[in-house]
Amino acid sequence: MAEVVFPSTLTVQLNAYGQRLQEEAQVAADKATRFLHDRVTSKARMDPQWSSLADAIEVWSEDGRLVVGVRDNDYRSQAFALEYGDEVRPPNPLFRTLTQDIRDASDVFDEHMTTVFGYGRLTESD
Amino acid sequence: MTDIAPNPDIYPLRAEPDLIEHLGFILAEEEALKKRFSGIKVISRPGYQGMTDVGVWFRYPEGERQLAYPFITIDLLTVEPDYELFTSTFLQDPQDLYQPSFSPTLPPLPAPESAYGYTIREYLPMRLVWQVSTFCRSALHDRYLTSIFMTDVLPYRPFFIESVDGVARRTDRIGFQAADTLETTESGTKRIFRKIYTISMLTEIPQNSFADPGSYSQFIALRALIPVVDRAKFDHYFKTVLDGHADPIDEFTPKEREDAGEYFHVAHEGRLTPPAT
């Protein structure tokens, strides 16, 4: 019967790598989230209808998904009316026109992870 | 008042839309959307055999129009380039280029013999995003329309909408929102059942056309010379006969070229065909 033996140092390295991966992924996620929030609020401030709601825009995690929107009850109905419009005002979408901004935020995440780990490397010291 | 001459930096337009036939970028896609939603009917009321047409409007109907519920509105939200689908500058051979053969947005191909050497850049993928809303006065109509929208009209999975120009464009439903509201009139406040669908359609725009003078004169080959030379003398032949000489056939006598190592040559002289106007 064949037997595969791993040196104990490899196990230690793998655990350390997993731990580092988790930590850096959290850092990258925080960077991407801040980037997205800054981008969305900047766009809101440039729009005369959305500018008053810019400070109420948040980015949060819900059910494992990243959500960007307005949670404050004082501003939710106003944001809804702006986003979807009504019989008087046409829709002025902000949150449904973030495709490129989300891709840019994803690039921020990837850039951080690439900076820390590079490509195909077990540890950054290789 | 004198007429202002067309801006030569813009005209002739690369793909001018046709306002009459609703062809061209954005017009064709919106016409396809309106066609998809047109002809939908709901029963007037339970137990009654009559059917009511569901109207389709671009934007909310103006105040002076008499509102007839239920109805559907279409709002264009954004026009975005789909950068993820962009390729590098890719030159396509017009012989095997995909091109709607009956789309008047591109000029017709020139004569076949002058098409050699023509190239055209890859189309640019674009995304059009619309908000489609249904407005109903009764809950029954609202549920009926929501049901058929989910299963047939705007299903969850990507589907294709064929436009008036014969091009089937992939469409995705990317959002759904219930947004029931109230309508206040002189006779009181009434419930309005409103459902909002956000859809995205993938389309494309041309970067240039076959009639562009730049693409024509840039790529067509007017002259070609293929000299067959003694391998041992090729470097000498190149430096003596070819390098720096635009017309070596006329600049050197056959004896001079033979002494330089040439066995024979093949020469082609094309003819420049004016671009289509």
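Every chain is numbered from 1 and lettered A, B, ... according to where its sequence line falls, protein lines coming before strand lines. Reckoned from all heavy atoms, side chains included, excluding hydrogens, waters and symmetry mates.
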Kindly indicate whether the side chain of Arg89(A), heavy atoms from C-beta on, has any atom under 4.5 Å from the side chain of Leu82(A). yes
Scored by heavy-atom pairs under 4.5 Å with chain A, the best of Thr181(B), Ile196(B), Asp82(B) is Ile196(B)
Using non-hydrogen atoms and a 4.5 Å limit, figure out which bit of Thr78(B) sits close to chain A: side chain, backbone, both or neither. side chain
Below 4.5 Å, heavy-atom pairs only: which of Glu80(B), Gln177(B), Gln131(B) has the largest tally toward chain A? Gln131(B)
Quick check, are the ring centers of Phe71(B) and Tyr60(B) under 6.0 angstrom apart? yes
Need one label for Glu84(B): side chain, backbone, both or neither, based on atoms under 4.5 Å from any heavy atom in chain A. both
Taking atom types as modelled, is there a side-chain donor on Asn15(A) or Gln19(A) under 3.5 Å from an acceptor on the other? no
Do Tyr84(A) and Arg96(A) have side chains that get closer than 4.5 Å, going by heavy atoms? yes
What part of Arg127(B) gets within 4.5 angstrom of chain A, counting heavy atoms only: side chain, backbone, both, or neither? neither
Please flag which part of Pro90(A) lies under 4.5 Å from any non-hydrogen atom of chain B: side chain, backbone, both or neither. both
Scan Glu30(B), Glu29(B), Glu31(B), Glu162(B) and name whichever one has a salt bridge (charged side-chain N to carboxylate O under 4.0 Å, His left out) with Arg169(B). Glu29(B)
Between Phe135(B) and chain A, which part of the residue has a heavy atom less than 4.5 Å away: side chain, backbone, both or neither? neither
When Tyr69(B) is tested against each of Ile192(B), Val54(B), Thr134(B) for side chain to side chain contact (heavy atoms under 4.5 Å, CB included), which residue passes? Ile192(B)
